[in-house]
Amino acid sequence: MSLETTINTNLNQVPFIVLRNGRKMPMIGLGTWRLQRKASEVVCDAIDVGYRHFDCAHIYRNEVEVGEAFKELLGKGIVNRNDLFVTSKLWNTFHHPSMVRQACETTLKNLNLTHLDNYLIHWPMAYKDGEDLYPKDANNKVIFSNVDYVDTWQAMESLVDAGLCLSIGLSNFNISQIERILKVARIPPTNLQIECHPYLNQHKLMEFCKAHNIVVTAYSPLGSPSSPYAKPGEYPILQNPKILSLAEKYHKTPAQLLLRYQVDRGNVVIPRSANKDHMLENFNILDFKISSEDMDILNSLDFGGRFMIMADAKGHPHHPFENE
């Protein structure tokens, strides 16, 4: 794994990680989960700011709107397809190998693209097949499927063979689950997307991925203030006194400090914002570096504080957080 730099449209130096397939993955991207404005408008603003990496998913239910922006921007020549890095994710109800290609093609149609740069299995748990993305029984419990994610992975590999995806990877998998994939993989995963911030710094999982040439993408790097689940910790991350003190030291906002924390660890980071000023703020983290001593302070805040617990899937044999 190596780092390179390039120049984007607003003349900031944007770091890239080169994936095992040679594709350059920008280390700063825009998350599109729970956008509070129309996604097409958000994407157009992000392109204007300088973002070229966009993180999408079928379950976010806004890929059609994101695709509207891509169609307009590409059609007008405002951006070239080769300049974009687009990730999407296979949802839990499409894990059966016979459904994987159709799910990918639906995402491509929604996004107005002919290929994805990166396609991930969103979660290791399979749900009952069908159009209902959260199939429930009479007791309002999610209906699980016994499809094994190893079989799903082999269907994902065929998407690369067909040119529909340039790289494939995983999201929310633990070490033992990744090891199962690696044992059978003809095309190894290039990317693992996980919740990652000072309260859950994922050091062990990061070291495992580094040893296997898997790039880590950190989601919820600011502590996911809009998470539907309980908020762990005495302080919200952005209000933690140690983080506030370090942000003041570097003359940055707490959000900028936490995003730089991920980049300095070698992780891709995908903050979500629908506000153009906040997008610019999140993007403006390239003019400083956190000292090793201050990185130690940030790492010391870890207590396994997870925001995204995926409570609906508790009891599933492949739930990644119950047997870590």
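The first residue in the sequence is number 1, and the count goes up from there.
With respect to the salt-bridge test (charged N to carboxylate O, under 4.0 angstrom), the residues R272 and D55 do not qualify. In summary, E72 and K76 engage in a salt bridge, as defined by a charged side-chain N under 4.0 Å from a carboxylate O. Using a cutoff of 4.0 Å between basic side-chain nitrogens and carboxylate oxygens, D83 and K24 are not scored as salt-bridged. With respect to the salt-bridge test (charged N to carboxylate O, under 4.0 angstrom), the residues R101 and E105 qualify. Ionic pairing of R186 and D161 is present here: one or more N-O contacts between side-chain nitrogen and carboxylate oxygen are shorter than 4.0 angstrom. With respect to D137 and K141, no salt bridge is recorded, no charged nitrogen being found less than 4.0 Å from a carboxylate O.
Between the R81 side chain and the H115 main chain, a donor and an acceptor come within less than 3.5 Å of each other. The main-chain N or O of H318 is found under 3.5 Å from a side-chain atom of Q177 such that the two form a donor-acceptor pair. A donor-acceptor pair is defined here as one N or O able to donate and one able to accept, closer than 3.5 Å; such a pair exists between the side chain of H319 and the backbone of I309. Counting only distance, with no hydrogens or angles, the side chain of E195 and the backbone of L200 share no donor-acceptor pair below 3.5 Å. Within the 3.5 Å criterion, the main-chain N or O of H95 finds a donor-acceptor partner in the side chain of T152. R52 places no side-chain N or O within donor-acceptor distance of the main-chain N or O of N82, the cut-off being under 3.5 Å. The backbone N or O of A126 lies less than 3.5 Å from a partner atom in the side chain of H316, making a donor-acceptor pair. Checking side-chain atoms of S300 against main-chain N and O of I297 turns up a donor-acceptor pair under 3.5 Å. Side-chain N or O atoms of N62 include none that pairs as donor or acceptor with a backbone N or O of A39 at under 3.5 Å. Of the possible donor and acceptor atoms, one in the side chain of S167 sits under 3.5 Å from a partner among the backbone N and O of D117.
Both L19 and I187 belong to a common hydrophobic cluster when Ile, Leu, Val, Met, Phe, Trp and Tyr are linked at side-chain heavy-atom distances under 4.5 angstrom. Tracing side-chain contacts under 4.5 Å through hydrophobic residues (I, L, V, M, F, W, Y), one never reaches M206 starting from L120; they form parts of separate clusters. Under the 4.5 Å side-chain heavy-atom criterion for Ile, Leu, Val, Met, Phe, Trp and Tyr, L222 and V268 are members of the same hydrophobic cluster. By the rule that hydrophobic residues join a cluster once side-chain heavy atoms approach within less than 4.5 Å of another member, I270 and Y119 end up as members of one cluster. No continuous path of ILVMFWY side-chain contacts below 4.5 Å connects M99 to I143, so the two sit in separate hydrophobic clusters.
When ring centroids are compared, W123 and F321 come within the 6.0 Å threshold. Taking the six-membered ring for Trp, H197 and F307 have ring centres closer than 6.0 Å. For H58 and F94, the ring centers are positioned less than 6.0 Å apart. Checked against the 6.0 Å centroid criterion, the rings of W91 and Y134 qualify as a close aromatic pair. Side-chain rings of Y51 and F283 approach one another, their centers coming within less than 6.0 Å. A centroid separation of 6.0 Å or more is found between the aromatic rings of F85 and F16.
Atom CG of L182 is separated from atom CD1 of I175 by 11.0 Å, given to the nearest 0.5 angstrom. Atom CG of L116 sits about 8.5 Å away from atom CG of L166, to the nearest 0.5 Å. Rounding to the nearest 0.5 Å places CD of E41 at 8.5 Å from CD of E65. We find the NZ-CD1 distance between K242 and I237 to be 14.0 Å, quoted to the nearest 0.5 Å. In this structure, the separation between CG on D296 and CD1 on I290 is 11.5 Å, given to the nearest 0.5 Å. Remark: I78 CD1 to D48 CG distance equals 9.0 Å, nearest 0.5 Å.
In this pair, Y60 and W33 present their aromatic rings tilted. The plane angle is within the 30 to 60° band. Under the 30°/60° scheme for interplanar angles, the aromatic rings of F303 and Y199 are found to be tilted.
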Test side-chain contact (heavy atoms from CB on, under 4.5 Å) on I121 and N172; report intermediate values, then the result. CA-CA 9 Å; I121 301 179; N172 300 300; over 6 Å; no
Step by step, work out the side-chain contact (heavy atoms from CB on, under 4.5 Å) result for L84 and I47. CA-CA 10 Å; L84 294 177; I47 287 287; 3.8 Å; yes
Let's go through V43 and L73 carefully: what are the C-alpha distance in whole Å and the side-chain angles of both, what is the deciding distance for side-chain contact (heavy atoms from CB on, under 4.5 Å) to 0.1 Å, and is it a yes or a no? CA-CA 9 Å; V43 170; L73 294 164; 4.2 Å; yes
List the steps and the verdict of side-chain contact (heavy atoms from CB on, under 4.5 Å) for L238 and I243. CA-CA 7 Å; L238 293 173; I243 289 173; 5.7 Å; no
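Closest approach of L298 and P198 over heavy atoms only: O-CB, 3.6 Å. Listed here is the closest heavy atom pair of V42 and R37: CG2-CB, 3.8 Å. The two atoms that bring G266 and M27 nearest to each other are C-CE, 3.7 Å, heavy atoms only. What you find for L90 and M156 is that their closest heavy atoms are CD2-SD, 4.2 Å. Heavy-atom minimum distance, P221 versus L259: CG-CD2, 3.7 Å. Considering every non-hydrogen atom in both P254 and L244, the closest pair reads CG-CD2, 3.6 Å.
No more than 12 heavy atoms of other residues, nucleotides or ligands shown are found within 6.0 angstrom of CD on E248. Heavy-atom contacts from other residues, nucleotides or ligands closer than 6.0 Å to NZ of K276 number more than 12. Counting non-hydrogen atoms of other residues, nucleotides and ligands closer than 6.0 Å to NZ of K136 gives a total above 12.
At least one side-chain heavy atom of S88 sits less than 4.5 Å from a side-chain heavy atom of E63. Side-chain contact between M279 and D45 is present, with heavy atoms from C-beta onward closer than 4.5 Å. Looking only at side-chain heavy atoms (C-beta outward), W153 and P124 stay at 4.5 Å or farther from each other. Using a 4.5 Å heavy-atom cutoff, the side chains of S98 and D129 are not in contact. Contact check for S220 versus C196: no side-chain heavy atoms found under the 4.5 Å cut-off. Residues H203 and D302 form no side-chain contact, since every pair of their non-hydrogen atoms from C-beta on lies 4.5 Å or further apart. At least one side-chain heavy atom of P236 sits under 4.5 Å from a side-chain heavy atom of Q239. Counting heavy atoms from C-beta outward, N80 and L74 have side chains that stay 4.5 Å or more apart.
For the pair R180 and Y149, the cation-pi criterion (under 6.0 Å, within 45° of the ring axis) is fulfilled.
Remark: the S273 side chain and the N275 side chain contain no N/O donor-acceptor pair separated by less than 3.5 Å. Residues D294 and Y261 bring no donor and acceptor atom of their side chains to less than 3.5 Å of each other. Side chains of N191 and T217: a donor-acceptor N/O pair is present below 3.5 angstrom, by distance only.
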